[in-house]
Amino acid sequence: RYISAIKLRSADMTSTNQQPNPELWAHALESAPVAVLWTNRNGRVVFANQQTCSSLGYSREHLMTLPLSAIVPELDQPRVEVLWEQIEAHGNAAVECRTANAAGRAAAVDIRISLIGEGAGQRLCLYLHEIVARNDAERLLQLVTETTSRHTGRNFFRSLARGIAEALG
């Protein structure tokens, strides 16, 4: 699900002398309806917007103490290095991973990654989009598995039907 509620023209994002307006950019990024993370070259989180905090259940302060691999286990430091090099060569990347939230739950996410900044201030910018349909299907499968795991034969199908009915409301 790709949602972008922010529709600002580039003219709205600059001041009268055509310099970037930092306050507008900061507001747009902070209020974005998708989770946005920035990491440094070492994979350490250096920025997280409010949506990131809400979706992962961590405070911003805590997120800033974490390596990216604590949030997206598949993106450990060696993989971040490879991604960084690929993005330098090709401009951006997309990966599908699982995030780990504060409650220990995993969620499938599509992550779009690009580089921002220059030189020593360069950062990876990650946009995390939860793959809702897959997560809903996985929750349903888990519920059905838990509901039917102790049943066999005729009881299995009754239990399966009951579990599906409960899941669908």
If you take all heavy atoms of [X] and [Y], which pair is closest and at what distance?
{"X": "Ala32", "Y": "Gln51", "answer": "O-CB, 3.7 Å"}
{"X": "Cys53", "Y": "Ser59", "answer": "SG-C, 4.2 Å"}
{"X": "Leu128", "Y": "Val34", "answer": "O-CB, 4.2 Å"}
{"X": "Arg112", "Y": "Asp110", "answer": "NE-OD2, 2.8 Å"}
{"X": "Val80", "Y": "Gly43", "answer": "CG1-CA, 4.5 Å"}

Please enumerate all residues that pass side-chain hydrogen bond (donor to acceptor under 3.5 Å, both in side chains) together with [X], with sequence neighbours excluded.
{"X": "Glu30", "result": "Arg60"}
{"X": "Thr52", "result": "Asn49"}
{"X": "Asn40", "result": "none"}
{"X": "Gln122", "result": "none"}

Quiz item: Residues two or more places apart in sequence or in another chain: which of them pass salt bridge (Lys or Arg N to Asp or Glu O under 4.0 Å) with Glu81?
Solution: Arg41
Quiz item: Taking Arg123 as the fixed residue, which of Thr39, Leu37, Leu115, Val46 is the one that meets the side-chain contact (heavy atoms from CB on, under 4.5 Å) rule?
Solution: Val46
Exercise. Determine the sole option in Asn92, Val36, Ile113 for which the side-chain contact (heavy atoms from CB on, under 4.5 Å) test with Cys125 is passed.
Key: Val36
Self-check item: Summary of side chain to side chain donor-acceptor pair (under 3.5 Å) pairs that have at least one residue in residues 66-76, sequence neighbours excluded
Solution: none
Quiz item: For Glu96 and Ile131, what are the C-alpha separation, side-chain angles and deciding distance, and is it a side chain to side chain contact (heavy atoms under 4.5 Å, CB included)?
Solution: CA-CA 9 Å; Glu96 194 174 296; Ile131 304 171; 3.7 Å; yes
Exercise. Answer whether the closest heavy-atom distance between the side chains of Leu83 and Val95 falls below 4.5 Å.
Key: yes
Quiz prompt | Residues in ring-ring contact (aromatic ring centres under 6.0 Å, His included) contact with Trp84, at least two apart in sequence or another chain | solution = none
Self-check item: Contacts of Phe47 that satisfy ring-ring contact (aromatic ring centres under 6.0 Å, His included) - sequence neighbours left out
Solution: Trp38
Practice problem: Might you work through the side chain to side chain contact (heavy atoms under 4.5 Å, CB included) test for Gln86 and Val82, ending with a clear yes or no? | Solution: CA-CA 6 Å; Gln86 288 176 342; Val82 169; 3.9 Å; yes
Exercise. Please test Val109 against Val72 for side chain to side chain contact (heavy atoms under 4.5 Å, CB included), starting from the C-alpha separation and ending with a verdict.
Key: CA-CA 9 Å; Val109 291; Val72 185; 5.5 Å; no
Quiz item: What ring-ring contact (aromatic ring centres under 6.0 Å, His included) pairs are there with at least one residue in residues 51-76, not counting sequence neighbours?
Solution: Tyr58-His62
Quiz item: Between CD1 of Ile71 and CG of Leu63, what distance do you get to the nearest 0.5 Å?
Solution: 5.0 Å
Quiz prompt | Heavy-atom neighbours of Glu118 CD exceed 12 at 6.0 Å | solution = no
Hey, can you pull the donor-acceptor pairs under 3.5 Å for the side chains in residues 99-106, sequence neighbours left out?
| from | atom 1 | to | atom 2 | distance (Å) |
| --- | --- | --- | --- | --- |
| Asn101 | OD1 | Ala103 | N | 3.0 |
| Asn101 | OD1 | Gly104 | N | 3.0 |
| Asn101 | OD1 | Arg105 | N | 2.9 |

Quiz prompt | Gln50 and Ser54 side chains, donor-acceptor separation under 3.5 Å | solution = yes
Quiz prompt | Qualifying salt bridge (Lys or Arg N to Asp or Glu O under 4.0 Å) pairs with a residue from residues 44-55, counting only residues at least two apart or across chains | solution = none
Quiz prompt | salt bridge (Lys or Arg N to Asp or Glu O under 4.0 Å) pairs, two or more places apart, involving residues 46-57 | solution = none
